[in-house]
Amino acid sequence: MSAEDLAELRPELVGYCYRMLGSAFEADDAAQETMIRAWRRAESFEGRSSFRTWVYRIATNVCLDLLRERGRRAVPMDLGPASTVAAFSPAEPPEQLWLTPLPTDPGDVVADRDTIRLAFVAALQHLPARQRAVLILRDVLAWPAAEVADLIDATTGAVNAMLLRARATLAAHDGAAPPPLSDDEQDLVARYADAFKRYDVDTLVKLLHEDAVQSMPPIAAWIRGAGEIGRFLLGPGEHCRDSRLIPITANRMPGHAHYRRDGDRWTAWSIQLIDVRGDRIAGLHNFLDTRLFEVFGLPTVYSGPARSSEGYDDESEPSGNRVPRAVEHRP
């Protein structure tokens with residue numbers, strides 16, 4: 001075993017740990033801890049299983065240890081009914097842990113599958129920890145039942161039973177996966193960005209499904225309904241007028257890094273993922289933890305280049321991964 005062998009596994013370990021833990025921050029830490037433990041225990045690797053299986057056993061134990069120490073990560077829709085704008089509260093429950101998005105990493109061997117979707121990862125968090133590991137290893141990574149049994153020190157029969165229970169629980173929480181975005185759906189996202197930049201709320205509302213949802217963790221309250229979201233934008237959300245949006249992709253979903261006006265510059269506000277269903281937007285999920293900007297390789301302060309014809313801010317990049325001009329990095 002060499003340092004290079006471990007380094008090659010790191011991207012897929014981050015993907016595995018993210019599905020287990022539901023946090024981009026914890027996934028990175030867990031993958032790093034896995035590599036440290038594997039390196040320190042290199043002499044104990046006897047070759048009775050593959051090197052990859054041995055490392056995944058360590059990663060699974062790291063994740064299980066973390067999950068024993070804290071509660072389940074959630075999205076606001078898990079916690080209670082939708083709020084109206086009139087009753088909206090920006091309260092942030094201090095004890096609640098939230099699901100966070102993860103940039104799609106080409107090194108994750110299953111990143112292009114449906115199992116990185118935000119809804120799927122949120123549904124995984126409803127499973128007991130060992131069932132979660134079994135389902136990811138069997139249904140996401142396609143490991144044989146016997147190999148999973150060896151990894152978690154269980155019988156093959158026990159693994160199969162846990163998998164059946166996990167699938168039943170998952171089916172109750174995760175809907176059908178949407179297909180990749182069509183050209184029309186990508187155009188819908190661009191039209192949303194353009195309308196948001198102009199803060200044309202009437203147009204924004206027309207782009208939403210009638211029962212669209214908007215969430216803003218760590219704020220627990222969430223909103224349902226295109227009209228109600230429009231009222232929110234003209235009420236509590238009015239401070240988002242004159243924002244800047246940078247297109248991103250995470251969890252197989254389109255989205256934006258949202259910078260809010262702050263004097264003569266724009267500062268990090270949220271990472272937004274957009275759930276597109278057909279010809280309308282079904283969900284606007286805004287993650288207000290600005291530490292995520294570093295995860296996405298983005299600065300926390302943005303100075304204003306010219307606006308492109310698609311509604312995005314762009315100085316030179318014609319399309320694709322537009323990146324903002326960094327003028328300052330905050331710790």
Side-chain angles (χ1 to χ4, degrees), residues 1-69 73 100-117 120-121 123-125 127-167 170 177 250-252 295:
M1 180 187 73
S2 67
E4 289 75 17
D5 294 330
L6 279 173
E8 288 179 2
L9 284 177
R10 193 179 195 286
E12 64 178 271
L13 287 173
V14 171
Y16 174 65
C17 294
Y18 174 69
R19 291 170 177 86
M20 284 289 294
L21 301 170
S23 164
F25 306 113
E26 286 188 341
D28 190 71
D29 290 344
Q32 185 63 26
E33 177 63 20
T34 297
M35 296 178 69
I36 291 171
R37 292 188 190 184
W39 185 251
R40 289 175 176 171
R41 301 175 187 174
E43 293 182 358
S44 69
F45 176 57
E46 299 175 349
R48 289 182 293 181
S49 63
S50 70
F51 172 68
R52 184 167 177 256
T53 298
W54 182 73
V55 173
Y56 266 81
R57 180 194 294 271
I58 296 172
T60 300
N61 287 331
V62 168
C63 291
L64 293 177
D65 288 344
L66 286 169
L67 291 170
R68 290 188 193 101
E69 297 171 1
R73 290 191 177 272
T100 73
L102 182 76
T104 300
D105 188 334
D108 180 356
V109 294
V110 290
D112 61 340
R113 300 185 186 177
D114 294 328
T115 60
I116 201 67
R117 289 180 300 112
F120 181 85
V121 177
L124 284 174
Q125 308 312 303
L127 300 176
R130 278 167 63 84
Q131 284 187 27
R132 195 180 311 174
V134 166
L135 186 134
I136 296 169
L137 292 166
R138 290 284 286 120
D139 284 359
V140 176
L141 297 175
W143 284 30
E147 196 169 355
V148 176
D150 179 63
L151 185 146
I152 66 169
D153 295 321
T155 66
T156 301
V159 164
N160 289 334
M162 280 190 277
L163 182 61
L164 289 175
R165 291 194 295 270
R167 285 172 175 169
L170 201 68
N251 298 81
R252 290 192 73 245
V295 174

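Position 1 is the first residue of the sequence; numbering continues from there. Reckoned from all heavy atoms, side chains included, excluding hydrogens, waters and symmetry mates.
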If you apply the rule side chain to side chain contact (heavy atoms under 4.5 Å, CB included), what do you find for E147 with L151, and how did you get there? CA-CA 6 Å; E147 196 169 355; L151 185 146; over 6 Å; no
So, for [X] and [Y], which heavy atoms are closest and what is the spacing to 0.1 Å?
X: L67; Y: A129; result: CD1-CB, 3.7 Å
X: V121; Y: G22; result: CG1-CA, 4.1 Å
X: V159; Y: A145; result: CG1-O, 4.2 Å
X: A31; Y: C17; result: N-SG, 4.1 Å
X: A154; Y: R130; result: CB-NH2, 4.0 Å

Between [atom1] of [X] and [atom2] of [Y], what distance do you get to the nearest 0.5 Å?
X: T100; Y: E26; atom1: OG1; atom2: CD; answer: 8.5 Å
X: T53; Y: I58; atom1: OG1; atom2: CD1; answer: 11.5 Å
X: L13; Y: M35; atom1: CG; atom2: CE; answer: 7.5 Å
X: Y56; Y: N61; atom1: OH; atom2: CG; answer: 14.5 Å
X: I36; Y: R41; atom1: CD1; atom2: CZ; answer: 11.5 Å
X: Q32; Y: D28; atom1: CD; atom2: CG; answer: 7.0 Å

Side chain to side chain contact (heavy atoms under 4.5 Å, CB included) evaluation trace for V140 with F120: CA-CA 11 Å; V140 176; F120 181 85; 4.2 Å; yes
Using atom types as modelled and distance alone, determine if a side-chain donor or acceptor of [X] lies under 3.5 Å from a backbone N or O of [Y].
X: R19; Y: T115; value: yes
X: Y16; Y: L137; value: no
X: R117; Y: N251; value: no
X: R57; Y: D153; value: no

Which residue in the set L127, T60, L170, L21 passes side-chain contact (heavy atoms from CB on, under 4.5 Å) when paired with R132? L127
